[in-house]
Number of protein chains: 2
Amino acid sequence: MAFFVHPARDDISLVGVLNALGDPARLAIVKNLAEKPDGMSCGGAAPCDGMARSTLSNHYRVLRESGLIFQVKKGVENINTLRRDDLEARFPGLLTQILKVAD
Amino acid sequence: MAFFVHPARDDISLVGVLNALGDPARLAIVKNLAEKPDGMSCGGAAPCDGMARSTLSNHYRVLRESGLIFQVKKGVENINTLRRDDLEARFPGLLTQILKVAD
DNA sequence: TCCAATAGTTCCGTATTTTCGAACTACCGT
DNA sequence: ACGGTAGTTCGAAAATACGGAACTATTGGA
């Protein structure tokens, strides 16, 4: 019943990842997702309320295109999941370290 | 004879650092500086030739304002130095990890 | 001292990117 | 089929980045 909204990209670049995380809203989303291995909906992981839905949608697109997350459609929601293993394989220790200092 | 071009900022933010490094030109500059503890001139650490001087100058400003580097004027040049210790104090292990995966 | 060369910065117009409202699509429950 | 919820796409306005031209500052040489 759940299927990928987009294929998960496999050529993750360091600049892409850093650029994606170099925005307060996206870093907040990733921090939220880091605590939920099973993923969260777009609204659920939102960095704040009051942000336009279209803006939020753009942030999720950047996160997806940078390879930080993947999205599966489940019913009416998109479930976003942090690609910890893929990132660990590509850039060992990087995401862990960033999340650690992001407390 | 060498003096600060600007005061080095002391409130380094994580988003600022990630945003600064999330650009190919600036990441290349930082990688160059990482190998020269005594600093390099703007032109010397340039990521490529052919980039406009004004663009390069803007990149150094972003790096300085994010807290990644400081600049001292020495003769006709600006010497740029990576603020490894300050960054290590603020975000332990972060810069090291990024440089490691940036090989 | 005056001049030319070198290294960067600032200014400013253009180009790209980001933001958000409005309209649209998709899915569920009734 | 209808209404409600979740997100995306479109288009215009606001914000930001790029780069050429002009400017400042310093050095070395005539």
Side-chain angles (χ1 to χ4, degrees), chain A residues 1-8 13 15-16 18-29 32-33 36 38-66 68-81, chain B residues 1-9 13 15-16 18-30 32-33 36 38-66 68-81:
Chain A
M1 306 314 160
F3 48 91
F4 279 86
V5 178
H6 301 271
S13 84
V15 204
L18 297 179
N19 179 64
L21 294 176
D23 174 283
R26 290 192 294 260
L27 183 59
I29 292 173
N32 288 339
L33 292 181
K36 309 271 175 160
D38 296 336
M40 303 178 77
S41 69
C42 293
C48 59
D49 35 306
M51 170 172 287
R53 277 137 89 70
S54 50
T55 304
L56 200 51
S57 187
N58 279 328
H59 284 311
Y60 280 104
R61 179 179 48 72
V62 173
L63 288 172
R64 173 164 38 74
E65 290 180 352
S66 72
L68 274 162
I69 66 169
F70 68 84
Q71 299 180 297
V72 294
K73 182 131 186 152
K74 199 170 188 180
V76 76
E77 298 180 321
N78 283 4
I79 302 298
N80 303 276
T81 310
Chain B
M1 306 310 164
F3 47 92
F4 279 85
V5 178
H6 301 270
R9 73 172 297 163
S13 84
V15 229
L18 297 179
N19 178 64
L21 295 176
D23 174 283
R26 290 192 293 261
L27 183 60
I29 292 172
V30 167
N32 289 338
L33 292 181
K36 309 270 175 158
D38 296 336
M40 303 178 78
S41 69
C42 293
C48 59
D49 34 307
M51 170 171 287
R53 285 164 163 282
S54 50
T55 305
L56 200 50
S57 187
N58 279 327
H59 284 312
Y60 281 104
R61 181 180 46 73
V62 173
L63 288 172
R64 174 164 37 74
E65 290 180 351
S66 72
L68 274 163
I69 66 169
F70 68 85
Q71 299 180 296
V72 294
K73 182 134 187 149
K74 200 171 188 180
V76 75
E77 298 179 320
N78 282 5
I79 301 299
N80 302 277
T81 310

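First the proteins, then the strands, lettered A, B, ... as listed; each starts at 1.
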Figure out the [atom1]/[atom2] separation between [X] and [N], and round it to whole Å.
X: B:M51; N: C:dT9; atom1: CE; atom2: C1'; value: 16 Å
X: B:N19; N: D:dA15; atom1: CG; atom2: C1'; value: 14 Å
X: B:I29; N: C:dG8; atom1: CD1; atom2: C1'; value: 13 Å
X: A:L56; N: D:dT9; atom1: CG; atom2: P; value: 14 Å
X: A:L63; N: D:dT8; atom1: CG; atom2: C1'; value: 16 Å
X: B:N58; N: D:dG20; atom1: CG; atom2: C1'; value: 13 Å
X: A:R61; N: D:dC10; atom1: CZ; atom2: C1'; value: 13 Å
X: B:Y60; N: D:dA17; atom1: OH; atom2: C1'; value: 17 Å

When you check the phosphate oxygens OP1 and OP2 of C:dG8, does a side-chain N or O of B:S41 lie under 4.0 Å from one of them?
yes

Does a side-chain N or O of A:N78 approach OP1 or OP2 of C:dC27 to a distance below 4.0 Å, or not?
no

Candidates [options] - which lies nearest the side chain of [X]:
X: B:D23; options: C:dA7, C:dC27, D:dC18; result: D:dC18
X: B:E77; options: D:dA6, D:dC18, C:dG8; result: C:dG8
X: A:H59; options: D:dC18, D:dT8, C:dT19; result: C:dT19
X: A:K73; options: C:dC27, D:dG7, C:dG21; result: C:dC27
X: B:S54; options: D:dC18, D:dG20, C:dA22; result: D:dG20
X: B:V76; options: D:dA25, C:dT10, D:dA6; result: D:dA25
X: A:S57; options: C:dT9, D:dG19, D:dT9; result: D:dT9

Say you draw a straight line from SG of B:C42 to CD1 of B:I69; how long is it, rounded to the nearest 0.5 Å?
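It is 7.0 Å, given to the nearest 0.5 Å.
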
Heavy-atom side-chain contact between A:N32 and A:P47 under 4.5 Å:
no

In the structure I gave you, are the side-chain heavy atoms of A:T81 and A:V72 within less than 4.5 Å of one another anywhere?
no

Begin from the C-alpha positions of B:R64 and B:R61 and carry the test side chain to side chain contact (heavy atoms under 4.5 Å, CB included) through to its verdict.
CA-CA 5 Å; B:R64 174 164 37 74; B:R61 181 180 46 73; 3.7 Å; yes

Main-chain N/O of A:Q71 paired with A:N80 side-chain donor or acceptor, under 3.5 Å
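Checking the backbone N and O of A:Q71 against the side chain of A:N80, no donor-acceptor pair under 3.5 Å is found.
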
Position toward the 5' end of DNA chain D (nearest nucleotide), B:A52 or A:R64
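Per heavy-atom nearest nucleotide, the more 5' residue is A:R64.
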
